Structure formats: C-alpha cells, structure tokens
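Okay, structure first, notes after.
Sequence lines set the chain letters: A, B, ... in the order given, protein chains first and strands last, and positions in each chain run from 1. Just so it is clear, the structure is predicted and the values come from calculations on it, not from any experiment.
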Number of protein chains: 2
Amino acid sequence: MAPATKNRGVSPRLVERLSLYRRVLQQAGAAGARATYSHELAAACRVSAVQVRRDLMTLGHSGSTTSGYEIQPLLSVIDAYLGDTGSVPVALVGIGHLGRAVLAFLCWRHPRFVPVAFDRDPRLTERVLDGVWCFPIDRMADAIREQHIRVGVVCVPAPEAQRVSEQLVTAGVTGILNFAPVTLFLPNHVFVETIDISVALEKVAFFTR
Amino acid sequence: MAPATKNRGVSPRLVERLSLYRRVLQQAGAAGARATYSHELAAACRVSAVQVRRDLMTLGHSGSTTSGYEIQPLLSVIDAYLGDTGSVPVALVGIGHLGRAVLAFLCWRHPRFVPVAFDRDPRLTERVLDGVWCFPIDRMADAIREQHIRVGVVCVPAPEAQRVSEQLVTAGVTGILNFAPVTLFLPNHVFVETIDISVALEKVAFFTR
DNA sequence: CTAACAGCGTTACTCGGTTCACAGCTGCCC
DNA sequence: GGGCAGCTGTGAACCGAGTAACGCTGTTAG
Ligand SMILES: NC(=O)c1ccc[n+]([C@@H]2O[C@H](COP(=O)([O-])OP(=O)(O)OC[C@H]3O[C@@H](n4cnc5c(N)ncnc54)[C@H](O)[C@@H]3O)[C@@H](O)[C@H]2O)c1
Ligand SMILES: NC(=O)c1ccc[n+]([C@@H]2O[C@H](COP(=O)([O-])OP(=O)(O)OC[C@H]3O[C@@H](n4cnc5c(N)ncnc54)[C@H](O)[C@@H]3O)[C@@H](O)[C@H]2O)c1
C-alpha cells in the first residue's frame, strides 16, 4: 500500500535526470565543449529547458546569462549531489544470460561500478568471468560484509529472486536492482528498483498502433 | 521539449500496472485461485487497493462485493484492453551480450513475443541462435516489411543506436524498446521506451545510504 | 547610447494521477 | 431480524511534478 521507500525527500525522477545530464555533459566535455545552454542540455535529454534550469536550481547551481553553464563546474556539482564517492562495489547475483551481459557491461563500459559476481552453479563459480572472480553463492554473505557492499543486482530466475534478495539484505545490502519479473517484499529501508523487461515490451506493444 | 508521443490518451503508468495485474492474475489462476480481492492484487503489485479498483473501473469492469473479482473474466477484460491480438513479432537488433539474453528470454519465457534477430556481424548471422534465425542487417528492412513487424528492440552499441532505429522506423516499426544509453530522435508518431541500466544503477546507488 | 535580444532565476499556476472518504451492497453472526 | 464487518464504486480533495510567465542581467547591433 505504501510506496515503501522514503526517497529521502528526493524525487527519483530528479535523480534520473541528473544522471542523464551528467552523462551528456561528460560526453560534451570530452568532445571539447566548455559550456552549454539549458536548452541544449534539455534537447539532448528530451526534457524542457525550464526543467533543466529548475533542476540545477534545486542543486543550488547558477549559470551565467551569457554563456550558459560551464561544463566542468556543473559536473562537479552534480557529482557532489549524486554522491560520487568514487567506485561503488556491486553484488551481481545470477550469472546467466542477463547477468553475464550486465557483468560485461559494467566491466567494459562502466568503471564506476565494480561488480562482484555470485552464482550457485558450480560450472560458473570459482573462476574468472569477464575479468571478475565468480564466487559460489554460499560465500556471498561473507564477501558482502567484508567489502561493505551496499548495492545488489538480482539476475536469478523469478522463483529465486525473493530468497536471494533477502540474503542480500541480511548481508547488509540496502539497494537492489531487480531484473526478475516479481515484486520483492523487503524491509522498508531497502530501496528496490525493478526493471521489468516484459512489462516494458508490453507497453511498447500497446502504444504501437 | 515536447513529450513527443500522444500516448493515445492513455497513461503509460496505467498500462504498466495492467500488465502487472495480468501477470499476477495468470499466476494466481494457474495456482488454482478463482477470484481475488483488490487488496490482494494490490499487495502483489505494490500498489494501493483503491488504485486497483480505480484502474479496473476505467476498464469498465466490475467485481462482486462478496468475492472480489473473478480471475478469468478479469483477465479477458485486461487482454481486450491491452489488445492481446495473439503473438507479436519483434525485430531484435544487435545480438551481442544483451541481445542474446533478450532473445533467450523471449524464446523460452515469453511466447507471446516472437523475435526476429538481426546483426551485422557475419559470425552471428545466417544461422540459428536460440531457435531463431539470425538475419544480416541488410535484410532487415525487407523482413520487417514482409512480416509487418511493428515493434523493435535495440541492443546495438550506443553510437549505432540512432542509425539503427531510423532504419527500423523507415521499415515500418512504430514502437521501439531501446537499451542503448542514448536519447533517440525519431518522428513523433514512434513510441520510444528507453531502458537505461546505467541510470537505474545510479539511482539505486543514490538511494542506498 | 540605447534598444532589441537571449538566456537565467523564480514565483505562481496548471494538470494528471493518487488517495480520502463515504455510500451502497452482501453475507454472517448473535 | 438487525447490526456488523468487509468489500466495491466513485465524487471530491489532495498532492506533486512540470510549465508558463515574468523580471533581471549581460550582450550586440544600429
Ligand atoms: N534474459 C533476459 O533478457 C531477461 C529479460 C527479462 C527478465 N529476465 C529475468 O532475469 C532473470 C535472469 O534471466 P536469465 O535469462 O539470465 O536466466 P538464466 O537462467 O540464463 O540465468 C540464471 C542464473 O541464475 C543462477 N541462479 C539460479 N538460482 C540461483 C540462486 N539461488 N543463487 C545464485 N544463483 C542462482 C543460475 O545458475 C543461472 O546462472 C530471470 O528472473 C528472468 O526472468 C531476463
Ligand atoms: N550488456 C548490458 O548489460 C547492457 C547494459 C546497459 C546498456 N547496454 C547497452 O546495450 C547495447 C548492447 O550491449 P551489449 O553488451 O549487448 O553489446 P555487445 O557489443 O555485446 O553487442 C552489440 C551487438 O550489436 C551488433 N551491432 C553493432 N552495430 C550494429 C549495426 N549497425 N547493426 C546491427 N548490429 C550491430 C554487434 O555485432 C554486436 O553483436 C549497448 O548500447 C549497451 O550500451 C547493455
């Protein structure tokens, strides 16, 4: 009934947009740009220009009338807000088709998140996959505690998802990205984000006509 | 700037919830249940009971005071609303890590969507992957036209996503599920749903503390 | 010099979605 | 039988995210 998580008073949409802004700004910066206007950033994120300005306002950041927002300072502000405390260890459970894809993605494309892999299939564990050591599932709690892992990614089959995420939580994880098509029932202090590919496909199929 | 798609006057959130309801009801039905109450359905979907009742009201469906909603009739109503016209062919472009996972998922777990696979890597094409024939990318437009495919799934690297989705659209696709971390610029009549795993992870990391 | 212009910051408002509150109905128990 | 408990249906209130509108500042062209 309740939306569960308190969101710490921050709207998830805002966080999503900030994350988008950051990526776009990083790319723009890498391409040599030094500053950008709210409407440029907006267009690149499919958002209105006022929305960009307002979001940056809530961050307490101001641009200049003449040249818009300088990219580097703005990036610093966003980083500070999103809590860029360097690399974030992530417990990735279930190294099947999807888990493997996420693993590869994190290793190659997303150095900020460093995955630690777990599976229960002995054919996958005790070896290196995509440059990451894969632990058997019964080592998971210890590994999470030792490395102070707070974020978990659940890529196990649907019937296992509830149990696995409970294990994650009792080991200390407080945020879960869930790919299994089930609703997880976890303590209220745990933030759960479910990516339900089936539902997304149904939605596309519905609006397609 | 504009929200682009008209949504045909229907809220995407509603469609998501209906899709969830349907899945839960199917499982409940398979487990032998014959009817359910709004609060049960609500709990299973992390939604309030009034929300369920209101959603069903907009579908024009009524339950009984005594035993709630009968599962089978309700399923029929939801199917009719979501436009369950049997199987939906889907053009899946990019059979790398992620594309492969989606392919396997659709074939094994989601018979309603039947994927047709495309890639540009000759090592992947002209052969059967997970029971599906994989076409080379230059056969894509023809195949989409021949089979009247309306839904596309984009699993190619970010720099290719814009071009590939344009190809999909000119071939007749009007709805795209995009996994590439870029914003696509497409005609307004095309419905685009982007699943951005990076952003989702950042969100979880943010609310984790 | 100054007038037109372009972009930012901010306040007030709009609008869609969610929830409240309550009425109506049905079965059950005393 | 009559109250009671529990569920559905729904008008109205509520809430929050997004938007429009406006004033401000600095820049540029005439
Ligand atoms: N593949 C997709 O594109 C896709 C799409 C939508 C949803 N999903 C969901 O994601 C999940 C994973 O999908 P998949 O295609 O990778 O499945 P998969 O069968 O390929 O992989 C599942 C993996 O989880 C491991 N596993 C199972 N139980 C475990 C446990 N208790 N502890 C640790 N590891 C365990 C298995 O050994 C296997 O390696 C499923 O819930 C699926 O419904 C997948
Ligand atoms: N793997 C993940 O978990 C993950 C997570 C988030 C986002 N993504 C995004 O999903 C996309 C795919 O990821 P991936 O890990 O599967 O990458 P990948 O490199 O494993 O696969 C990409 C596939 O696309 C094919 N391809 C490239 N250009 C093509 C073209 N023009 N036409 C047809 N096919 C083409 C390649 O041959 C390859 O098979 C990327 O945009 C990635 O950023 C992936």
Side-chain angles (χ1 to χ4, degrees), chain A residues 1-21 25 28 33-71 73-74 77-78 81 203 207, chain B residues 1-21 25 28 33-71 73-74 77-78 81 183 199 203 207:
Chain A
M1 180 182 289
T5 44
K6 295 296 139 12
N7 298 341
R8 291 215 330 275
V10 183
S11 150
R13 308 291 279 282
L14 173 62
V15 176
E16 286 178 18
R17 287 194 301 267
L18 290 177
S19 181
L20 271 183
Y21 299 163
L25 290 169
R34 206 185 62 79
T36 190
Y37 294 110
S38 63
H39 64 265
E40 293 175 335
L41 189 49
C45 301
R46 286 251 150 185
V47 159
S48 75
V50 286
Q51 176 111 254
V52 170
R53 293 206 296 274
R54 157 170 288 225
D55 287 343
L56 300 190
M57 190 179 73
T58 74
L59 295 205
H61 183 78
S62 288
S64 98
T65 276
T66 152
S67 54
Y69 302 90
E70 285 183 76
I71 289 180
L74 180 49
V77 171
I78 296 179
Y81 189 85
K203 193 166 33 159
F207 287 110
Chain B
M1 178 181 288
T5 44
K6 293 297 137 13
N7 297 343
R8 290 216 331 276
V10 184
S11 150
R13 308 290 281 281
L14 173 62
V15 176
E16 286 177 18
R17 287 194 300 266
L18 289 178
S19 180
L20 270 181
Y21 299 162
L25 290 169
R34 206 185 61 79
T36 189
Y37 295 110
S38 63
H39 64 265
E40 293 174 336
L41 189 49
C45 300
R46 285 253 150 184
V47 159
S48 75
V50 286
Q51 179 103 70
V52 170
R53 293 205 297 274
R54 180 147 299 250
D55 287 344
L56 300 190
M57 191 179 75
T58 74
L59 294 205
H61 183 80
S62 287
S64 98
T65 282
T66 152
S67 56
Y69 302 90
E70 284 183 75
I71 289 180
L74 181 49
V77 171
I78 295 180
Y81 189 86
T183 71
V199 169
K203 194 166 32 159
F207 287 110

For atom NE2 of B/His39 and atom P of C/dT19, their distance in whole Å: 17 Å
Whole-Å gap separating P (D/dA12) and CE (B/Met57): 12 Å
Atom pair distance, as rounded to whole Å: CG in A/Leu59 and P in C/dG9: 11 Å
Sub-4.5 Å side-chain heavy-atom contact between A/Val47 and A/Asp55: no
Interatomic distance where CG belongs to B/Leu56 and P belongs to D/dC7 [whole Å]: 16 Å
Gap between atoms CZ and C1', on A/Arg53 and C/dT11 respectively (whole Å): 13 Å
Closest listed nucleotide, where the reference is the side chain of A/Thr66 and the choices are C/dT11, D/dC7, D/dG26: D/dG26
Sugar-phosphate only, base, or nothing, as touched by B/Ser67 at under 4.0 Å among non-hydrogen atoms: nothing
Any A/Tyr81 side-chain heavy atom under 4.5 Å of A/Val10 side chain: yes
Separation between OH of A/Tyr69 and OG of A/Ser62, rounded to the nearest 0.5 Å: 7.5 Å
Separation of atom CZ in B/Arg13 from atom C1' in D/dG16, rounded to whole Å: 12 Å
B/Arg53 vs B/Leu56 side-chain heavy atoms within contact, under 4.5 Å: no
Between P of D/dA17 and CD of A/Glu16, the distance in whole Å: 13 Å
5' precedence on DNA chain D between B/Thr36 and A/Asp55 (nearest-nucleotide basis): B/Thr36
side-chain N/O B/Ser48 vs C/dT19 OP1/OP2, d < 4.0 Å: yes
Closest to the B/Gln51 side chain, choosing from D/dT10, D/dT8, C/dT19: C/dT19
Sugar-phosphate only, base, or nothing, as touched by B/Thr65 at under 4.0 Å among non-hydrogen atoms: base
Check: B/Arg54 side chain, D/dG11 base, donor-acceptor under 3.5 Å: yes
Of the listed nucleotides D/dT8, C/dT19, D/dG9, the one nearest the side chain of B/Ser38: D/dT8
Close side-chain approach of A/Cys45 to A/Arg17, heavy-atom, < 4.5 Å: no
Side chain of B/Val50 - closest among C/dC20, D/dC7, C/dG9: C/dC20
Interatomic distance, B/Leu74 CG vs D/dC7 P [rounded to whole Å]: 17 Å
Nearest-nucleotide pick for A/Arg17, side chain only, options being D/dG18, C/dA21, C/dG9: D/dG18
Under 4.0 angstrom between A/Ser64 side-chain N/O and C/dC8 OP1 or OP2: no
